[in-house]
There are 2 protein chains.
Amino acid sequence: MVTIYDIAAKANVSAMTVSRVINNTGKISEKTRAKVRRVMEELNYVPNQTARSLVLQQTKLLFLLITDIMNPFYTTLARGAEDAAKKSGYRLLFGNSDESLEKEADYVTTILTARVDGVLVAPAGDPSLPHLESLRRHHVPFVLLDREVPGIECDIVLGDSKDGARRLVEYLIERGHRRIAMVNGSSSISSARLRLQGYQEGLKLNDLPCDERYVYETSFGPLKDLTEMEQWIERMDPLPTAIVAGNNVLAIEAMKLLRDRGIGVPDDMSIVCFDDLGPYSESEPFLTVAAQQAYQFGYMGMQMLIERIDERGAAAALPWKKIVLPADLIIRRSVKDLAQ
Amino acid sequence: MVTIYDIAAKANVSAMTVSRVINNTGKISEKTRAKVRRVMEELNYVPNQTARSLVLQQTKLLFLLITDIMNPFYTTLARGAEDAAKKSGYRLLFGNSDESLEKEADYVTTILTARVDGVLVAPAGDPSLPHLESLRRHHVPFVLLDREVPGIECDIVLGDSKDGARRLVEYLIERGHRRIAMVNGSSSISSARLRLQGYQEGLKLNDLPCDERYVYETSFGPLKDLTEMEQWIERMDPLPTAIVAGNNVLAIEAMKLLRDRGIGVPDDMSIVCFDDLGPYSESEPFLTVAAQQAYQFGYMGMQMLIERIDERGAAAALPWKKIVLPADLIIRRSVKDLAQ
DNA sequence: TATTTTAAGGTTATCGGTAACATTATTTCG
DNA sequence: CGAAATAATGTTACCGATAACCTTAAAATA
C-alpha cells in the first residue's frame with residue numbers, strides 16, 4: 001500500500017507536507033502542492049482512514065441498527081438515514097437485530113470495538129436498556145428510533161402510535177365494525193404498548209367492550225411459525241369482523257393465514273395496520289394503513305445524531321430532543337363497509 | 001477511553017501480557033490471566049479495533065454495495081450477505097448506489113479509504129468498469145452480484161436471466177398471448193441485455209415477430225418520472241396483451257401507470273416480471289414472476305468473498321468462480337388466459 | 001539596517017494495539 | 001550436575017497518519 005511516506009520520498013518533501021496538502025491545512029507553496037498532487041496521482045494514493053481515525057479519535061463512521069431489514073418501514077428509514085449521513089460526510093455501517101436481544105448485544109459489541117462516532121438504534125424493546133447503558137457508559141452518542149426505552153433519557157424520533165391506532169379503530173367503527181381484534185408486537189416494546197392503548201381507547205370512546213380474547217400478542221418480526229396465530233383465530237368466537245395489526249408484517253401474515261383458511265379479505269374479514277408497504281401499496285393499493293413517515297424517521301434521527309456529535313464538548317449540554325411524527329391514515333380496500 | 005496500558009498498569013503487568021490475554025495467544029499463567037480479566041471487567045475495557053486494524057492490516061470489515069435498498073430483491077440479498085458475514089466474524093458496511101455511477105464512485109472511494117477487507121458489489125452497469133479496476137488495482141477482493149461487467153474477470157453470482165425471461169415469454173404464449181411487450185432496465189446492464197435476449201428468443205422460438213416498438217428501455221431503479229413510459233404505452237398500436245417487466249420495480253410502476261389510465265391488470269393487460277416482491281406477494285399473491293433466489297445471491301456471494309480473503313497469499317491463485325442460479329417461475333394471477 | 005513577521009516546511013511524539021525478539025526463572029534431560 | 005528446553009513475561013519497533021513544536025529564509029517593519 002502506498003503511504004504518505006512513499007509520496008513524501010518521491011516528491012522530496014516531508015510526510016507532514018503531504019499531510020498538509022491532503023487536508024488543505026497549513027501553508028504550502030503552489031509549486032510544492034502541485035508536485036505532491038502529481039506524485040499522489042502517479043502512485044494512486046488513497047489515504048488510510050484507519051490510521052487517521054486512530055490519531056484523530058474519530059472514525060467518521062455511524063451505525064444504524066434496525067430490527068428488520070426486510071420490512072419496508074426500515075428500508076425506507078435506512079434510506080433517509082443514509083442520505084442524511086452522506087450529506088454530512090459520514091459513512092454508515094448497518095446491522096439487523098432481527099428483534100433479538102442476543103443479536104442486538106453482538107452489534108453493540110461491534111459498535112464499541114469499531115469506535116463509531118454515533119449510533120441510530122431501533123431497540124429490540126425495553127430489555128435493550130443495558131445495551132443502551134453500555135453505549136452511554138462508553139460515551140457513544142445515540143438516537144433512538146420508533147421505540148422508547150424506560151430508564152434511559154436520550155434523543156428520540158417516535159411515531160404517534162396511540163393516536164394512529166385510535167384512528168384506525170375509529171375508522172373501522174365508522175364503517176360499522178363492532179367486533180374488532182388486534183394482533184400486536186411484544187408488550188415489551190413501547191410502540192406496541194401505545195398501539196394497544198390507542199386501540200383500547202378507540203373502543204372505549206365508542207362504548208365498545210375490550211374483550212381480551214380479541215387481543216393477541218406476538219412479535220413484530222417475521223414469524224417462524226404461524227400455528228399460534230392460527231389457534232388464536234380459532235379461539236375467537238364469534239369471529240371479529242376486523243383486525244388491527246400492530247405493524248405491516250403482522251398484517252401480511254394475518255392475511256395470508258386468513259386466506260389459507262378460506263376467510264377472504266375484506267369480504268369475510270377487514271384488516272388495517274400500522275406502517276405502509278413501500279412501493280407495493282402503489283401497484284396493488286389494498287391495505288388500509290396508518291402510514292408512518294419512515295424516511296423522516298431516518299433523516300431526522302440522523303440529523304439529531306450528527307448535531308449531538310458536532311456539539312460534543314460544548315459548554316452546555318443540549319437538552320434531549322423528542323420528535324413525534326404523526327401517522328397518516330391511508331384508506332384503501334382492505335376494509336368492508338358494514339354500515340351501508 | 002480505557003486502553004491496554006490502563007489495564008496493564010492496574011494489573012501490574014506489561015501491555016503485551018494484556019494483549020496476549022485478549023487474543024489468547026502465547027503462554028500466560030492462569031493467575032495472571034485471571035487478574036488481567038478481572039481488571040478488564042472492572043474498567044469496562046473494550047478493544048480498539050481501529051488500532052488493531054492499523055497494525056494487523058485488516059479491518060474485519062466487508063462492504064455490500066447494492067443499487068436499490070428499497071427493492072426486496074436487494075434487501076433479501078443483504079440479509080443473506082449479512083448472515084454469511086456474521087458467521088465468519090466479519091462486520092458489514094453497506095451503501096446504496098441508486099443505480100447511479102456517481103454515487104457508486106463515491107462509495108468506491110469510501111471503500112478504499114476505509115480499508116475494508118472485501119466488497120460485494122451489484123454494479124450499476126458496464127460503465128462501472130473503472131470502479132472495479134480501481135478496486136483491483138488496490139488489491140481489494142470483490143465479488144460481483146447479479147450483473148457481469150465486460151472487461152473484468154472475477155468471482156460472480158448471477159441469475160439465469162436469459163432462461164428466466166424466455167420462460168416468462170413462453171408462459172405468456174401458452175396462455176394465448178401473441179403481442180408481448182417488454183419494459184427493461186438499461187442495456188448497459190448485462191442482466192437487462194440477457195433478459196431482452198431471452199424475451200426475443202422466446203418470441204422467435206414461437207415464430208412471433210420482434211417489434212422494436214414493443215420494447216422500452218429505461219432504468220431498473222425507481223423512476224422519478226413516468227411520462228416517458230406513458231408515452232411508450234400510447235405509441236404502441238395495437239396495444240400488446242401482455243408486458244414482460246425486466247424487474248419487479250418496473251412491473252409495479254407499469255401496473256400503476258396502467259391502472260391510472262383505466263387499463264386493468266390482468267383483465268385488459270397481463271404483466272409478468274423478474275424478481276419476486278418479498279413478503280408482499282405472500283399476502284396478496286398477484287404478480288406472476290420469475291423469482292430469483294435473492295438470499296442465496298447474498299449468502300453464496302459472501303461465502304465466495306470470504307474464501308478469497310482467506311486464501312489471499314496462497315501459492316496458487318484460485319480460478320475465478322461463476323455461480324449461476326436458476327430463476328423459478330411462480331404463477332399467480334397477473335396473467336389472463338386468452339387461450340380458452 | 002536591525003528586528004520582527006510571516007511563509008514554507010521539517011522533526012518528534014503520539015494514537016492503541018501487536019509482531020518479533022529478549023529476558024528470566026524453572027524444568028528437563030543427557 | 002551443567003546444558004538445553006520451556007514457561008512466563010517484558011522491551012522495542014512499527015502500522016500510517018496528524019498535532020504541536022521547531023527551523024530557516026524571505027519579506028515587512030521600525
Side-chain angles (χ1 to χ4, degrees), chain A residues 1-37 39-40 43-61 109-110 112-117 138-140 313, chain B residues 1-37 39-40 43-61 109-110 112-117 138-140 313:
Chain A
M1 283 285 108
V2 179
T3 72
I4 52 169
Y5 297 98
D6 302 323
I7 310 290
K10 195 151 188 181
N12 272 313
V13 295
S14 74
M16 203 53 223
T17 299
V18 178
S19 173
R20 289 191 180 108
V21 170
I22 294 170
N23 297 291
N24 267 314
T25 53
K27 312 199 180 258
I28 301 287
S29 73
E30 261 323 310
K31 216 178 96 195
T32 311
R33 188 188 307 275
K35 185 171 54 178
V36 170
R37 286 246 169 84
V39 176
M40 291 200 317
L43 300 188
N44 266 309
Y45 171 73
V46 174
N48 185 325
Q49 182 61 42
T50 304
R52 207 180 249 167
S53 296
L54 186 57
V55 60
L56 294 182
Q57 301 285 58
Q58 59 154 358
T59 53
K60 280 282 165 183
L61 267 181
T109 303
T110 293
L112 293 177
T113 62
R115 294 291 196 274
V116 302
D117 294 341
H138 290 280
H139 309 107
V140 182
Chain B
M1 283 283 109
V2 180
T3 72
I4 51 169
Y5 296 99
D6 302 323
I7 309 290
K10 195 152 187 180
N12 272 314
V13 295
S14 73
M16 202 54 222
T17 300
V18 178
S19 173
R20 288 190 181 107
V21 170
I22 294 170
N23 297 293
N24 267 314
T25 54
K27 315 202 180 254
I28 301 286
S29 73
E30 262 322 310
K31 217 179 93 193
T32 311
R33 188 188 305 276
K35 185 171 54 177
V36 170
R37 287 246 169 84
V39 176
M40 291 200 317
L43 301 189
N44 265 309
Y45 173 73
V46 174
N48 185 324
Q49 181 62 39
T50 303
R52 207 180 247 165
S53 296
L54 186 57
V55 61
L56 294 182
Q57 300 285 59
Q58 58 154 1
T59 53
K60 281 283 167 182
L61 267 181
T109 303
T110 292
L112 293 177
T113 63
R115 293 293 195 274
V116 301
D117 294 341
H138 290 280
H139 309 108
V140 182

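Proteins come first, then strands; the chains are lettered A, B, ... in the order of their sequence lines, and each starts at number 1.
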### Task
Using a cut-off of strictly less than 4.0 Å, decide whether B:K27 has a side-chain nitrogen or oxygen near OP1 or OP2 of D:dA7.
yes
### Query
To the side chain of A:V13, which of C:dA8, C:dG10, D:dT11 is closest?
C:dG10
#### Entry: Distance in angstrom units between B:N23 CG and C:dG16 C1', rounded
13 Å
### Message
I'd like to know if the side chain of A:T50 pairs up with that of A:S53 as donor and acceptor (distance under 3.5 Å, no hydrogens or angles considered).
### Response
no
### Summary
Separation of D:dA17 atom P from A:N24 atom CG, nearest Å, is 17 Å
### Task
Would you check if B:I4 and B:Y45 make a side-chain contact, meaning some heavy-atom pair closer than 4.5 Å?
yes
### Message
Can you measure A:N12 atom CG to C:dA8 atom C1' for me and round it to whole angstrom units?
### Response
16 Å
### Query
Tell me: CG of B:L56 to C1' of C:dG16, nearest whole Å?
11 Å
### Query
Does the C:dG16 base have a donor-acceptor partner in the side chain of B:Y5 within less than 3.5 Å?
no
### Summary
Against the side chain of B:T3, the closest entry in D:dA20, C:dG16, C:dT18 is C:dG16
### Query
So what does A:Q49 hit on the nucleic acid, given a heavy-atom distance under 4.0 Å: a base, only sugar-phosphate, or nothing?
nothing
### Task
Starting at atom CD1 of A:I4, determine the distance to atom P of C:dG9, rounded to an integer number of angstrom.
16 Å
### Task
Compare all side-chain heavy atoms of B:V140 with those of B:L112 and state whether any distance is below 4.5 angstrom.
yes
### Between C1' of D:dC14 and CE of A:M1, the distance in whole Å
18 Å
### Query
Does B:N48 have a side-chain nitrogen or oxygen under 4.0 Å from the phosphate oxygens OP1 or OP2 of C:dC15?
no
### Query
Given D:dG16, C:dA20, C:dT11, which nucleotide is nearest the side-chain atoms of A:M16?
C:dT11
### Task
May I ask you to say what A:T17 touches in the nucleic acid, namely base, sugar-phosphate or nothing, with a heavy-atom cut-off under 4.0 Å?
sugar-phosphate
### Task
First locate atom CE of A:M40, then atom NZ of A:K10, and finally report the distance between them rounded to the nearest 0.5 Å.
13.5 Å
### Message
Categorize B:I28 for me: base, sugar-phosphate, or nothing, with a 4.0 angstrom heavy-atom threshold over every strand shown.
### Response
sugar-phosphate
#### Entry: Note, A:N48 side chain near A:M1 side chain (heavy atom, < 4.5 Å)
no
### Message
Can you tell me if A:T50 touches the phosphate of D:dG16, counting only side-chain N or O atoms and a distance under 4.0 Å to OP1 or OP2?
### Response
no
#### Entry: Phosphate-side-chain proximity, B:S14 and D:dT9, N/O vs OP1/OP2 below 4.0 Å
no
### Message
Between the base of C:dG16 and the side chain of A:R115, is there a donor and acceptor pair under 3.5 angstrom?
### Response
no
### Message
Please report the distance, rounded to the nearest Å, between CD1 in A:I22 and C1' in D:dA17.
### Response
9 Å
### Message
Between C1' on D:dA19 and CD on A:Q58, what's the gap in Å once rounded to a whole number?
### Response
14 Å
## Note on the structure
Testing C:dC15, C:dG16, C:dT18 for proximity to the side chain of A:V55, the answer is C:dC15
### Query
Does B:R20 put a side-chain nitrogen or oxygen below 4.0 Å from OP1 or OP2 of C:dT18?
no
### Short side-chain N/O contact to D:dG16 OP1/OP2 from B:Q57, under 4.0 Å
yes
### Query
Any idea which of D:dC15, D:dT11, C:dG17 is nearest the B:L54 side chain?
D:dC15
### Task
For B:N23 and B:R52, run side-chain contact (heavy atoms from CB on, under 4.5 Å): C-alpha distance rounded to whole Å, both residues' side-chain angles, the deciding distance at 0.1 Å, then the answer.
CA-CA 11 Å; B:N23 297 293; B:R52 207 180 247 165; 3.8 Å; yes
### Task
Assign B:T32 to base, sugar-phosphate, or nothing according to its heavy-atom contacts below 4.0 angstrom with the strands shown.
sugar-phosphate
### Query
Within the structure, does a side-chain N or O atom of B:T25 lie under 4.0 Å from either OP1 or OP2 of C:dT18?
no
